[in-house]
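When a ligand or atom number is given, it counts from 1 through the structure's own listing order.
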Amino acid sequence: MHYTFLGPSGTFTEQALLSVDKAAESTRTPSTSVPAALEKVLGGEVDAAMVPIENSVEGGVTATLDAIASAQDARIIAEVLVPISFVLVAAPGTTLDDMQTISTHTHAWAQVRKWAEQTVPHAHYLPGSSTAAAALGLLTSENPGYEAAICSPIVAEQNPQLEVLASNIGDNKHAVTRFVLVARNHEIPAPTGADKTTLVVPLPEDRPGALLDLLEQFSTRGINLSRIESRPTGEFLGAYFFSIDVDGHIYDARVRDALRGLHRVSPGIKFIGSYPRADLRNTVTEDIHQDPAFDAARDWVESLFPEGRPEHLRHGI
Ligand SMILES: O=C(O)C(=O)C[C@]1(C(=O)O)C=C[C@@H](O)C=C1
C-alpha cells in the first residue's frame, strides 16, 4: 500500500496512520493539506489517505467533510482515535515573555486557547498548515515570522534542537481526534458487529419537516446516529448537506433499508463507507431491527402471492 497523510512527519495524523496494520512498513508520502491528500487518492497517485475528521473539543474538520462530500468515489475504510496532548516549543533560550507570535494548526490553537490567554496573553496567533509544519518551520526557516510553535510531544522528541517551554497545555486533558482512512472505490470492509457507516445526505428541499423526514428513516429502523453535521453545499445561501455517521454496517438489513428510504427522500445521497469502529463498541439493537426480522417480514409479504409475482409488480414484492 502507498499512503499519504497530512504532514510533515510528526503530525498527529502521521501517528494515526502508523497505528494502521502494516502502514509503518509501507510507503508514506506527506501532503501539505487535507484536500491535497484526498486529491492524491482520487487521482490514483496513492492507495489511501489518513485525514483528521473531528476533534472532541473543536468539532468537525470542515476541509475533510467538504472534500469527502464533493468527491466522486471516496470511501472511508477505517477510523483511528488519537488522544491529543500539546507542547510549546521554541529555539533554545527563548522565554515566554519573548513570544510575540505562536504558530500551529487552527484546530490545535482552538484546543489551547484558554492556556494561551492565561500564559502568553501578549502573543499573536499565526495559522500553520499542521502542528509539525509549524514546529519544523522554526528549524528550517531563518525568519519564520513566529518565535514558538504548538505541536505533539513526538515532534519535540524527534527534534532535540527545539526546546520544550511548556507541556500538556491542552485546555481539555481528555481531548481526542478522530481520523479516517480514505481510499477510492475500495471494497467494503467485512462487518465486525462494531461498525460505523458514513453518509452524505443533501437536504432535499427547503420545506417544513424535510430534516425530520431524513431522521425518521433512522429512528424507525432503530439506527443510532453518532454524528450529524450540516455543511453548506456552496451552491447558494441556504443549500446544505448533512454529513452523518450511524452505528451499523451496510451488510445489516436495517442500514440497507434505511438507505432505500433515504434515497427516496434525498436522491442525491452518497454512501461513503462502512468500517470497523475504533472503540470496538458493539452495536446493540432490539430484535425487531435485526436481520431475521427483516427476512421474516419479506417472506411474509411474499407468502401473500402464492402464485408468484404478478406481472404489473415491476419492483418486486
Ligand atoms: O496538525 C496536526 O498535527 C494534525 O494532524 C491536524 C490536527 C487536526 O486537524 O485536528 C490533528 C489533531 C489535533 O487535533 C490538531 C491538529
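Annotation: H107 places no N or O atom under 3.5 Å from an N or O atom of ligand 1; distance criterion only. When only interatomic distances are considered, the shortest N/O to N/O separation between F12 and ligand 1 falls below 3.5 Å.
When hydrogens are left out, the protein atom nearest atom 2 (C) of ligand 1 is T131 OG1, 3.2 Å; that is the closest non-hydrogen contact. Among all non-hydrogen protein atoms, the one lying nearest atom 12 (C) of ligand 1 is T177 OG1, 3.5 Å. Nearest non-hydrogen protein atom to atom 5 (O) of ligand 1 is T13 OG1, 2.5 Å. Atom 16 (C) of ligand 1 has as its closest protein heavy atom H105 ND1, 3.7 Å.
Residue contacts with ligand 1 include Q111, since one or more of its heavy atoms lies under 4.0 Å from the ligand.
No more than 12 heavy atoms of other residues, nucleotides or ligands lie within 6.0 Å of CD in E187, so this atom counts as exposed by the packing criterion.
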For D257 and R260, run salt bridge (charged side-chain N to carboxylate O under 4.0 Å, His left out): C-alpha distance rounded to whole Å, both residues' side-chain angles, the deciding distance at 0.1 Å, then the answer.
CA-CA 5 Å; D257 206 50; R260 286 187 203 104; 3.2 Å; yes
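Note that OG1 of T13 and CG of L18 are 11.0 Å apart. Values are rounded to the nearest 0.5 Å.
Counting heavy atoms under 4.0 Å from ligand 1, residue P52 touches it through the side chain alone. Only the side chain of L6 comes within 4.0 Å of ligand 1, counting heavy atoms alone; its backbone N, CA, C and O stay farther away.
The residue from A108, A175, A134 that puts a heavy atom closest to atom 15 (C) of ligand 1 is A108.
With ligand atoms numbered from 1 in the order given, ligand 1 contributes 1 (O) to contacts under 4.0 Å with heavy atoms of S130.
Of the candidates I76, L199, V182, I272 forms a side chain to side chain contact (heavy atoms under 4.5 Å, CB included) with just one, namely I76. R277 pairs in a side chain to side chain donor-acceptor pair (under 3.5 Å) with only one of the listed residues (D247, D195, D245), which is D247.
Using a 3.5 Å distance cut-off with no hydrogens or angles, the side chains of K40 and T29 do not pair a donor with an acceptor.
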